[in-house]
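Below, chain A is the first sequence line, B the second, and so on; all start at residue 1.
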Amino acid sequence: MEGKRVNGSPVTGGASQAKRSKVSGDWEDGPSLFEEELAMLDEAEMEAELREGQAGHDVIPVGELGGDLFSADLNPRWRRPQPPLLDSTADKLVFQQIEIDYYLGKELLFAGGGGARSVAAFPSSASVSAVHIHTLLTYATPHRAHNCVSPSGFSPAHLSDFQKELNAVVLKDMRSNKDSVSVTVLAVDIKRKESMYGFHGNRSVDFLRITMAKPRLIAPAKRLLEQGFKFGSFPLQSYTSYEANIDFEIRFMVDSNMVGCSWIELPAGKYRVREEKGLVSLCQYEVDVAWTHLVSHPAEGDWQRIAPLRVLSFDIECAGRKGIFPEPDTDPVIQIASMVQRHGEKEPFVRTVFTLQSCAPIVGSQLLCFTQERQLLQSWAEFVRTVDPDIITGYNIQNFDLPYLLNRAAALKVDLFAYLGRVRGIRCVIRDSSFQSKQVGRRENKTVNMEGRVQFDLLQVLLRDYKLRSYTLNAVSFHFLHEQKEDVQHSIITDLQNGNEQTRRRLAVYCLKDAYLPLRLLQKLMCIINYMEMARVTGVPLTYLLSRGQQIKVVSQLLRQAMRQGLVMPVVKTEGGEDYTGATVIEPEKGYYSVPIATLDFSSLYPSIMMAHNLCYTTLLQKGSMEKLGLSSEDFIKTPTGDLFVKSSVRKGLLPEILENLLSARKRAKAELKKETDPFKKQVLDGRQLALKISANSVYGFTGAQVGKLPCLEISQSVTGFGRQMIEQTKQLVEARYTVANGYQANAKVIYGDTDSVMAKLGVATVKDAMDLGREAADWVSTHFTPPIKLEFEKVYYPYLLINKKRYAGLYFSSNSETHDKMDCKGIETVRRDNCPLVANLINTCLQKILIDRDPQGAVEHAKEVISDLLCNRIDISQLVITKELTRSAQEYAGKQAHVELAERTPSSCWRITSPSTHSTTWSSSSPSPCCASSNPSWGRAKPRASCSVRLFTMPFSLLGDLLRVFCTHMISLPALPPGPTPRGRPHPLQDCAHF
DNA sequence: AAATCCACCTAG
DNA sequence: TAAGCTAGGTGGATTT
């Protein structure tokens with residue numbers, strides 16, 4: 001045992017040192033911190049390993065003589081422990097469900113039906129063993145996704161005619177019938193339902209519920225029914241569809257009252273363990289159960305837990321050619337590092353690198369060295385199947401590592417590679433998908449199917465949830481972990497591979513770290529917990545959260561609530577229309593305030609407006625409804641935009657109900673959070689309250705999404721309409737009450753406000769007084785509004801610098817009136833990502849000097865110094881560009897014509913890259929796009945321009961000058977500029993400001 | 001030279 | 001097939 005452990009420190013000695021330097025330049029001699037960390041993991045495990053007789057971490061040469069030394073049992077830790085035998089008559093089966101997909105099966109309990117398959121992980125009570133089950137769910141009404149109002153005079157006697165005719169029409173419509181389906185319409189029955197769109201006097205009517213044999217058949221059936229359908233003696237007529245556009249997964253989960261990542265119980269005797277010959281998965285248990293026998297536990301109490309899921313993180317290295325991005329057809333995969341960790345544990349229990357050619361040992365990890373790339377790939381796939389991860393992560397695995405491996409394996413004809421999922425016989429296939437939204441622009445992605453495992457690419461998580469200046473793994477790790485990658489330049493990877501076992505070792509350490517960092521980030525950012533909580537709160541599968549947009553989450557909640565009330569959701573045609581009016585931004589009284597400014601906010605403004613006024617699809621009075629239903633003016637309200645909604649006494653809206661549930665659940669979560677002492681449960685609860693808040697806020701956006709599942713501008717414009725009225729009224733109330741005439745120290749003045757907040761100068765001298773008066777004002781103003789609308793005192797700014805609409809800075813006091821919590825900057829260069837670090841830092845320092853030190857002269861000195869350094873080329877280039885990566889990608893993007901220069905020392909533009917071309921959203925497929933060039937959907941459709949420049953650095957002298965002029969009578973004097981174009985454009989915001 | 005459009009990214 | 005919303009500042013290019 002001991003003998004197997006090899007000291008992993010790189011050999012340091014004259015000759016080898018010189019040799020290595022030639023290949024790779026210099027690096028530190030001793031083992032890196034990361035290597036020490038790895039070694040420590042190993043030591044910690046030694047005792048346990050000795051006890052278990054565990055193979056140590058070592059170097060295993062594989063296939064040296066062309067033999068097949070690789071075995072899935074090379075390391076006993078890989079395989080899951082053998083689970084106990086399952087007796088379906090006596091044991092219940094309990095598991096946390098993490099993924100769901102569907103397939104059509106012939107062997108189902110209900111002939112001709114479809115099936116849902118869910119793969120899940122489950123901890124057997126407190127033991128460490130994790131168990132996998134594969135559940136076959138038969139679903140009595142699998143594709144009920146289609147409802148329409150029955151024609152008048154329709155009775156149950158007509159059902160079979162209708163079914164027969166529709167079946168015939170759908171069959172005829174099918175272009176090809178590969179599976180020789182003869183029955184397309186499985187069932188038609190009558191249900192009392194009501195459309196959720198518009199108020200109809202609380203009267204349900206007969207709907208036809210049509211069950212189709214396959215999800216694929218729903219769309220044609222819908223189309224045919226809409227086009228006009230004739231059956232029996234009924235005339236040709238068009239049928240409007242409801243809920244025909246709901247994804248199967250959502251449909252199933254809503255109908256079976258199952259939310260994402262919930263715990264499921266299969267009672268003893270209600271499921272059947274599959275015989276050997278019926279097994280289709282690699283899971284340890286495989287059972288069949290009727291969907292009606294599923295018990296789905298709400299995520300409360302013990303059911304909040306998260307199973308000890310196996311998380312695999314991996315990273316690959318390829319040997320590319322000089323200056324060419326690696327291509328799987330030509331360039332080999334030379335290393336794959338993998339780390340596996342059970343969720344909830346601190347460190348990965350598997351740390352392994354598959355290398356091509358020999359590699360010197362690394363303490364703390366196992367090395368498998370291959371002489372042939374084909375065998376490396378095949379063995380790694382075998383490794384994945386053995387380790388059997390529930391979640392697969394890494395950095396950019398979705399768009400790079402996974403597709404590269406699959407393409408490379410295909411190029412080398414490693415046929416068994418592509419079976420990485422849990423279902424036998426299903427190959428992983430790469431597909432191109434594009435995701436487009438106004439929010440993030442167009443995102444081209446690759447997707448790889450992997451049944452039963454959740455792909456959780458950390459880069460995708462970060463792109464969705466965090467606004468960062470750079471998304472490289474290095475930058476992200478530094479930002480969140482204060483840790484960085486091992487220092488290996490991309491360009492030398494091939495040289496390291498072609499060196500010796502020491503250079504390859506260096507590469508392996510680098511590769512391991514790239515597999516390790518995503519795990520650390522996942523943990524630090526609590527991604528798994530937060531995503532699971534979001535899945536539970538909104539009811540969608542975990543995978544939807546990374547692959548889909550915001551709308552599906554609202555749809556899921558809407559359908560759940562609707563089902564309880566016997567409502568169905570119409571299918572609406574999506575077409576963009578006119579934008580509607582949004583929120584008010586109060587005209588700012590620009591200037592510098594050396595008195596406390598109190599800020600009052602409406603908390604959850606839009607949700608509370610919807611609740612207060614019962615705004616919903618179900619309460620909307622469409623044209624003519626009011627007269628038709630004979631409603632009196634007592635029954636409804638007219639919103640500021642002139643839309644009519646019935647009051648909650650007539651009908652309580654769905655949306656207000658959903659919002660109330662979300663917000664009260666959030667209150668509960670926060671209360672529990674306060675009481676909870678277990679740090680793990682605390683994280684879960686915090687994740688939940690966050691998910692609940694986000695969910696509540698996205699309901700309004702959903703109603704306003706004109707290209708969406710169920711837009712309703714009457715709701716969204718009424719919401720903003722109320723909001724506009726409220727902020728205006730708040731301003732007037734505050735200014736009317738807090739006056740000298742009413743016995744206050746001064747006349748209050750609202751100097752700014754945006755959407756749901758007002759900033760008021762209350763005329764008091766201290767932060768404490770501002771807080772007290774602010775609280776009083778908030779409470780008093782609140783009494784003028786319908787609950788749950790509430791104005792709250794939030795913070796005091798002192799001092800406060802108001803530059804323009806959406807641009808201000810100030811010291812933020814909220815908890816303590818003696819000390820400020822932070823310097824708060826909104827909209828200023830310091831918080832924007834389209835400026836280089838130098839600008840952000842300079843402005844930040846100046847603001848600090850002005851606001852915190854109250855030392856304007858110091859700010860001027862500092863600015864002068866920096867600008868002088870800049871003009872004399874004394875500034876490090878990394879300060880000038882947003883990131884080094886950006887420069888590189890910009891050059892890639894702009895091609896050879898790219899022109900990087902310190903250019904045009906005009907007052908506003910100092911550093912730029914110019915390029916003659918304009919479109920191209922692809923930067924570098926390996927490194928993520930720079931943030932400033934990726935996020936506008938109009939890229940690519942924009943009118944081509946004669947020239948285009950990627951702005952890497954601009955010095956906003958105007959802003960700086962204005963900032964400094966706050967206290968100085970003269971502009972800062974700049975070193976003389978070479979002649980250039982004179983500045984043009986709008987006047988500076990603070991130019992004609994009386995305050996200065 | 002002024003007006004307008006465009007791209008970007010933020011506030012809320 | 002799927003895609004939350006509007007307001008708005010700022011720098012730069014293009015049009016008038």
request  = For A:Asp601, check side-chain contact (heavy atoms from CB on, under 4.5 Å) against everything at least two apart and list the hits.
outcome  =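 Only A:Thr599, A:Ser757, A:Glu794 meet the side-chain contact (heavy atoms from CB on, under 4.5 Å) criterion with A:Asp601.
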Distance check: side-chain N/O of [X] vs OP1/OP2 of [N], anything under 4.0 Å?
| X | N | value |
| --- | --- | --- |
| A:Arg833 | B:dT10 | yes |
| A:Tyr580 | C:dA7 | no |
| A:Arg807 | C:dG8 | no |
| A:Lys806 | C:dG9 | no |
| A:Asn804 | C:dT10 | yes |

message = Tell me which pairs pass side-chain hydrogen bond (donor to acceptor under 3.5 Å, both in side chains) where either residue lies in residues 706-719 of chain A, with sequence neighbours left out.
response =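 Counting only pairs at least two positions apart or across chains, the side-chain hydrogen bond (donor to acceptor under 3.5 Å, both in side chains) contacts touching residues 706-719 of chain A are A:Thr639-A:Ser718, A:Thr641-A:Ser718, A:Asp643-A:Gln717, A:Asp643-A:Ser718.
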ask   = Among residues 705-714 of chain A, which residues get a heavy atom nearer than 4.0 Å to DNA chain C?
value =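 By residue number: A:Ala705, A:Val707.
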ask   = Between atom CG of A:Leu847 and atom OG1 of A:Thr830, what is the distance when rounded to the nearest 0.5 Å?
value =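 Result: 6.0 Å between the selected atoms.
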With a 4.0 Å cut-off on heavy atoms, is [X] in touch with a base, just the backbone sugar-phosphate, or nothing at all?
| X | answer |
| --- | --- |
| A:Thr584 | nothing |
| A:Tyr544 | nothing |
| A:Asp247 | sugar-phosphate |
| A:Lys553 | nothing |
| A:Val719 | nothing |

ask   = Taking only residues at least two apart or on different chains, which pairs with a member in residues 689-704 of chain A satisfy salt bridge (Lys or Arg N to Asp or Glu O under 4.0 Å)?
value =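 Sorted pair list comes back empty.
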task = With sequence neighbours excluded, give me every salt bridge (Lys or Arg N to Asp or Glu O under 4.0 Å) pair touching residues 539-559 of chain A.
result =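 For residues 539-559 of chain A, and leaving out neighbouring residues, the salt bridge (Lys or Arg N to Asp or Glu O under 4.0 Å) pairs sorted by first residue read A:Asp247-A:Arg548.
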inquiry  = How many whole angstroms separate atom CD1 of A:Ile715 from atom C1' of C:dG4?
reply    =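 The distance from CD1 of A:Ile715 to C1' of C:dG4 comes to 14 Å, rounded to the nearest Å.
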request  = Check ring-ring contact (aromatic ring centres under 6.0 Å, His included) between A:Tyr752 and all other residues, then give those that pass, not counting sequence neighbours.
outcome  =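 Testing A:Tyr752 for ring-ring contact (aromatic ring centres under 6.0 Å, His included), a comparison that skips the adjacent residues, returns A:Tyr808.
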query = Using atom C1' of each nucleotide, how far apart are C:dG4 and B:dG12 to the nearest Å?
reply =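 So the two C1' atoms sit 14 Å from each other.
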message = Under a 4.0 Å threshold between the charged nitrogen and the carboxylate oxygen, would A:Arg724 count as salt-bridged to A:Glu728?
response =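 No salt bridge links A:Glu728 with A:Arg724.
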